[in-house]
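One structure below.
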Amino acid sequence: MIAISGVGAGIPCELALPAVRDTRPRNYENSSPKLRRLTPSAGLARLSARRAVSHLIRRASPSKVCNFSVFCSAESARAEPTSASKGDDAQLLRTIAMNGEVVVCLAKTTSVVSDAIRRHATANTASAALGRGLTAVMLLASFRGEGEQVQLTFKGSGPLGTMTVMSDNLGQVRGMLQYPQAQVPFKADGTLDVATGIGPGTLRVVRSLPMILEPYTGVVSITSGEVAEDIAVYLRDSEQQNSAIGVGVSIEPDGTCGAAGGFFVQILPFTGDETIEQLEKNISNLPSINELITSGVSLHDITERILEGIGSSPGAQERTPVYGPCSLEHLRPRMLKAIAAIPPKEIVETIEDVGSMELTCEFCKETIRFSKADLTQLLV
């Protein structure tokens with residue numbers, strides 16, 4: 001899905017290209033060939049602030065173990081990416097245009113999306129939706145200030161339920177769907193229907209800054225459910241940003257991720273009309289991000305295509321994205337922090353009744369068992 005948002009004098013309000021029929025296999029999900037100039041809105045989305053917290057949900061278990069699901073706050077992850085997703089299928093690239101008017105961020109997220117599919121055992125449409133969300137939030141959060149976090153929550157009424165994805169500035173990303181195994185009918189042309197899977201509802205964007213106690217939250221209505229267009233509307237209405245964003249995920253017939261990636265073009269306030277017109281031309285002529293990745297086109301070459309006629313400055317920044325952090329080293333302290341929030345009386349009852357406690361991270365789908373000694377230590 002490709003979407004452009006824009007506000008300001010001299011910027012055309014609407015641009016549409018004719019749709020191109022997708023002749024790829026039915027399980028192939030790609031960026032839409034449509035490019036649309038979103039109509040500017042004079043109003044700002046309602047802004048609010050809230051604190052992200054960890055909480056527990058107790059689950060019944062036939063065994064003598066107390067089970068909980070854990071939803072960890074976005075502010076818990078602060079480690080450098082590990083080697084889990086390193087390689088040719090995971091890369092982030094940020095480039096500034098030669099004239100300093102445009103910033104282009106590109107992501108190849110095939111291995112990251114594959115990891116998410118494996119952890120959540122998603123059905124095909126759910127895999128495409130989650131992959132788009134993970135790629136999009138990574139593009140919004142990466143290369144920002146140290147410790148910054150972005151969280152997107154698509155609270156839709158479709159069969160997939162609520163989708164939550166989060167990323168930090170290092171490219172560490174996590175996500176989950178309320179109903180990851182939900183089956184969604186194909187579109188009439190035989191492709192995956194992410195928009196129907198998500199359905200109407202709201203998109204909530206939370207930006208967490210390390211020096212600010214309360215995260216900033218913006219809320220807009222879900223425009224299409226295609227993910228990229230919804231984020232473009234949020235950036236236009238809530239943050240007054242001129243931007244273009246495109247994300248794509250191809251799902252093979254066996255349910256694996258064939259390719260995934262995206263681009264995020266930030267148009268700075270002082271950008272001239274000539275640069276904007278050149279960008280619109282370049283993006284409208286750009287093949288789908290999946291097609292480019294599958295064909296072996298590098299992120300550097302894709303950047304040159306987006307900035308053709310504008311030029312790119314040297315010194316592009318690169319990072320390796322990863323799903324997580326989901327290692328024991330990071331999960332255990334977060335889970336202990338969550339257990340510590342339980343009233344001491346309940347911890348004592350758990351020790352007396354079952355002797356141990358199991359916690360499962362709903363983002364990572366990793367389970368850790370805490371022994372009687374671990375629980376007793378928390379009461380000291």
Side-chain angles (χ1 to χ4, degrees), residues 5 7 44-55 70-81 92-96 102-105 107 109 112 133-155 162-176 202-220 227 230-243 245 247 262 264-270 317-326 330-331 333-334 337-338 341 361 363-364:
S5 67
V7 289
L44 287 174
R46 178 176 60 85
L47 296 178
S48 62
R50 68 176 178 83
R51 183 188 302 277
V53 296
S54 299
H55 62 280
V70 184
F71 299 84
C72 298
S73 66
E75 55 191 354
S76 354
R78 288 290 185 269
E80 289 284 351
L92 281 165
L93 181 70
R94 180 179 183 268
T95 306
I96 300 176
V102 180
V103 178
V104 177
C105 186
T109 58
V112 175
L134 291 170
T135 301
V137 74
M138 187 185 301
L139 289 168
L140 293 181
S142 298
F143 302 107
R144 299 184 70 88
E146 182 178 355
E148 289 193 30
Q149 307 262 347
V150 177
Q151 176 175 313
L152 308 179
T153 302
F154 286 82
K155 192 173 183 180
T162 299
M163 177 173 72
T164 303
V165 290
M166 60 182 68
S167 177
D168 63 13
N169 65 305
L170 300 174
Q172 297 182 124
V173 64
R174 297 178 293 162
M176 61 173 290
T202 59
L203 166 61
R204 180 183 297 269
V205 181
V206 179
R207 291 189 180 273
S208 302
L209 306 174
M211 301 302 294
I212 300 178
L213 185 61
E214 296 289 344
Y216 291 102
T217 301
V219 182
V220 295
V227 178
D230 303 303
I231 293 172
V233 170
Y234 163 78
L235 292 171
R236 179 199 68 194
D237 289 353
S238 218
E239 297 189 5
Q240 297 295 286
Q241 283 192 40
N242 300 333
S243 62
I245 183 168
V247 295
F264 179 40
V265 181
Q266 292 176 281
I267 304 166
L268 302 181
F270 52 81
Q317 297 174 276
E318 292 189 45
R319 282 184 182 154
T320 301
V322 64
Y323 190 94
C326 293
H330 293 99
L331 287 180
R334 283 151 50 186
K337 181 180 178 182
C361 175
F363 290 106
C364 301

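All values below were derived from every heavy atom in this structure, side-chain atoms included, with hydrogens, water molecules and symmetry-related copies excluded. Computed from a predicted model, the values in this text were never measured in an experiment.
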### Task
Over all heavy atoms of both residues, which pair between Leu134 and Tyr323 is shortest? Give the atoms and the distance, please.
CD1-CE1, 4.1 Å
### Query
How many angstroms lie between atom OG of Ser142 and atom CG of Leu170, to the nearest 0.5 angstrom?
8.5 Å
### Query
Can you check whether Val247 reaches Leu139 side chain to side chain, under 4.5 Å on heavy atoms?
yes
### Task
Answer yes or no: is there a donor N or O on one side and an acceptor on the other, between the side chain of Arg319 and the main chain of Asn169, under 3.5 Å?
yes
### Message
Within the 4.5 Å heavy-atom criterion, are Met166 and Ser208 side-chain neighbours or not?
### Response
no
#### Entry: Atom pair CD1 (Ile212) and CZ (Arg207), whose distance is rounded to the nearest 0.5 Å
11.5 Å
### Task
Write down the atom of Gly324, the atom of Gln172, and the distance for their closest heavy-atom approach.
O-CB, 3.6 Å
### Summary
Closest heavy-atom pair, Ala136 versus Ile245, reported as atoms and distance to 0.1 Å, is CB-CD1, 4.4 Å
### Given Thr153, Asp230, Val233, Val227, the one that forms side chain to side chain contact (heavy atoms under 4.5 Å, CB included) with Leu203
Asp230
### Task
State which residue, out of Val206, Val205, Val173, fulfils the side chain to side chain contact (heavy atoms under 4.5 Å, CB included) condition with Val150.
Val205
### Query
Are any side-chain N or O atoms of Ser238 and backbone N or O atoms of Tyr234, one a donor and one an acceptor, separated by less than 3.5 Å?
no
### Task
Look up atom CG in Leu140 and atom CD in Glu239, then write down how far apart they are to the nearest 0.5 Å.
8.0 Å
### Query
Backbone N or O of Gln240 within a donor-acceptor pair of the Asp237 side chain at under 3.5 Å?
no
#### Entry: Given Thr162, Thr217, Leu152, Thr164, the one that forms side chain to side chain contact (heavy atoms under 4.5 Å, CB included) with Arg204
Thr217
## Note on the structure
Looking only at heavy atoms, the pair that brings Cys361 and Arg334 closest together is SG-NH2, 4.2 Å
### Message
Looking at every non-hydrogen atom in both residues, tell me the closest pair between Thr135 and Ala107 and how far apart they are.
### Response
CG2-CB, 4.5 Å
### Task
Before giving the answer on disulfide bond (SG atoms under 2.5 Å apart), spell out for Cys364 and Cys326 the whole-Å C-alpha distance, their side-chain angles and the decisive distance to 0.1 Å.
CA-CA 6 Å; Cys364 301; Cys326 293; 2.1 Å; yes
### Message
Side chains of Gln151 and Pro215, heavy atoms from C-beta outward: is any pair under 4.5 Å?
### Response
no
### Message
Tell me the closest heavy-atom pair linking Pro321 and Met138, and the distance in Å.
### Response
CB-SD, 3.3 Å
